[in-house]
Protein chains: 2
Amino acid sequence: MRVTHYTNVPPETVEQGAEGVLIREVITRADGAPSFSMRVFDLEPGGHTPQHDHPWEHQVFILEGRGTVWSESEGDIPLAPGDTVLVMPGERHQFRSAGEGVFRFICLIPNLEDRA
Amino acid sequence: MRVTHYTNVPPETVEQGAEGVLIREVITRADGAPSFSMRVFDLEPGGHTPQHDHPWEHQVFILEGRGTVWSESEGDIPLAPGDTVLVMPGERHQFRSAGEGVFRFICLIPNLEDRA
């Protein structure tokens with residue numbers, strides 16, 4: 001068993017099309033997680049993840065702040081704490097901050113062999 | 001893409017060794033989730049999950065309240081909002097409420113064929 005507060009994991013900056021995004025890789029393969037990984041994202045005001053797609057899904061739970069998630073099929077959907085998002089494999093998507101404080105969410109992904 | 005507030009999912013009572021536990025199956029196979037599932041647990045004051053083990057892992061993020069997680073190897077570890085827990089496959093464990101309000105956490109599990 002491994003117990004840790006998510007803030008004990010040092011944040012890293014996300015590059016490659018993102019702006020104002022910090023990521024904490026809270027539970028990963030390196031911790032022995034067999035199937036999937038947990039990350040916590042902090043988006044600054046005005047921050048956004050890349051507009052991209054990939055062959056794996058996201059499961060997201062909004063912790064704090066306001067934002068949106070965009071997908072090609074559905075456009076922008078507003079997000080607030082307690083909202084959850086399932087992004088399907090191959091679905092083009094982008095998360096954007098929409099408030100004046102941090103926009104924070106948990107984002108889980110499968111541990112695929114070919115995931116970057 | 002599927003966006004929903006976790007409280008839009010009706011809570012169900014957990015039986016079988018649990019007490020004062022409500023579970024919301026927020027993202028599951030039925031929603032098309034390929035690899036893993038997201039549930040939100042509410043433990044009432046005095047509530048607890050069963051003391052059990054199973055061949056799949058848990059990934060937990062504490063949202064609200066106070067509680068503990070017990071494992072055979074490490075005993076009781078206190079939990080507060082922002083704490084994360086990785087319970088390994090086969091590890092005997094139990095979550096307990098330790099506060100006067102609700103003890104709420106997200107708990108994710110893989111979508112194994114043989115999972116109940």
Side-chain angles (χ1 to χ4, degrees), chain A residues 1-9 24-40 55-64 68-93 104-106 108-112, chain B residues 1-9 24-28 30-40 55-64 68-93 104-112:
Chain A
M1 192 162 70
R2 177 173 167 273
V3 178
T4 192
H5 197 274
Y6 82 92
T7 56
N8 289 336
V9 177
R24 287 179 168 93
E25 304 254 7
V26 180
I27 303 176
T28 71
R29 271 185 277 234
D31 304 305
S35 312
F36 54 100
S37 292
M38 179 188 290
R39 301 95 47 85
V40 175
W56 55 86
E57 73 274 25
H58 283 319
Q59 292 191 21
V60 169
F61 187 101
I62 310 301
L63 293 173
E64 195 175 329
T68 57
V69 60
W70 171 90
S71 74
E72 217 154 16
S73 55
E74 306 190 41
D76 283 312
I77 300 178
L79 296 172
D83 280 330
T84 65
V85 185
L86 171 62
V87 178
M88 296 302 290
E91 193 171 25
R92 199 158 179 81
H93 62 280
R104 177 171 296 139
F105 54 86
I106 306 169
L108 296 114
I109 47 173
N111 291 343
L112 300 179
Chain B
M1 192 163 69
R2 178 173 167 273
V3 178
T4 192
H5 198 274
Y6 83 91
T7 56
N8 289 336
V9 177
R24 287 180 168 91
E25 304 255 8
V26 180
I27 303 177
T28 70
D31 304 304
S35 313
F36 52 99
S37 293
M38 181 188 289
R39 300 95 46 85
V40 175
W56 56 85
E57 72 274 26
H58 283 319
Q59 293 191 22
V60 169
F61 188 100
I62 309 302
L63 294 172
E64 194 176 329
T68 57
V69 59
W70 171 90
S71 74
E72 216 155 17
S73 54
E74 305 190 42
D76 284 311
I77 299 179
L79 296 173
D83 280 330
T84 66
V85 184
L86 171 62
V87 178
M88 296 303 289
E91 193 171 25
R92 200 158 179 81
H93 62 281
R104 176 171 296 138
F105 55 85
I106 306 169
C107 177
L108 295 114
I109 48 174
N111 291 343
L112 299 180

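Chain A is the first sequence line, chain B the second, and so forth, proteins listed ahead of strands; every chain is numbered from 1.
- By number of non-hydrogen pairs under 4.5 angstrom with chain A, the leading residue of B:S71, B:P34, B:A80 is B:P34.
- Inter-residue side-chain proximity for A:I109 and A:R39 is flagged as met; some heavy-atom pair is nearer than 4.5 Å.
- Looking at A:E91, the atoms closer than 4.5 Å to chain B (heavy atoms on both sides) all sit in the side chain, from C-beta outward.
- No donor-acceptor distance shorter than 3.5 angstrom exists from the side chain of A:D83 to the backbone of B:V3, with no hydrogens or angles considered.
- Both the backbone and the side chain of A:L108 come within less than 4.5 Å of a heavy atom in chain B.
- The choice from A:I62, A:I106, A:L79, A:V87 that makes the most heavy-atom pairs within less than 4.5 Å of chain B is A:I106.
- Counting heavy-atom pairs closer than 4.5 Å to chain B, the top-ranked of the candidates A:L63, A:N8, A:V9 is A:L63.
- By the 30° and 60° cut-offs, the orientation of the rings of B:H58 relative to B:H93 is perpendicular.
- Residues A:F61 and B:V40 have side chains in contact (heavy-atom distance under 4.5 Å, counting atoms from C-beta outward).
- Residue A:P81 touches chain B through its backbone alone, counting heavy-atom pairs closer than 4.5 Å.
- Across B:Q59, B:E74, B:M38, the residue that shares the most heavy-atom pairs under 4.5 angstrom with chain A is B:Q59.
- Of the atoms belonging to B:E57, it is side-chain heavy atoms, and not backbone ones, that fall under 4.5 Å from chain A.
- Electrostatic pairing of B:E64 and B:R104 counts as a salt bridge here, judged by a charged N lying under 4.0 Å from a carboxylate O.
- The CD1 atom of A:I77 sits 11.5 Å away from the CZ atom of B:R2 when rounded to the nearest 0.5 Å.
- Using a 4.5 Å cut-off between heavy atoms, A:V60 contacts chain B through its backbone alone, with no side-chain atom that close.
- The line from CD1 of A:I27 to OG1 of A:T4 is 9.0 Å long, rounded to the nearest 0.5 Å.
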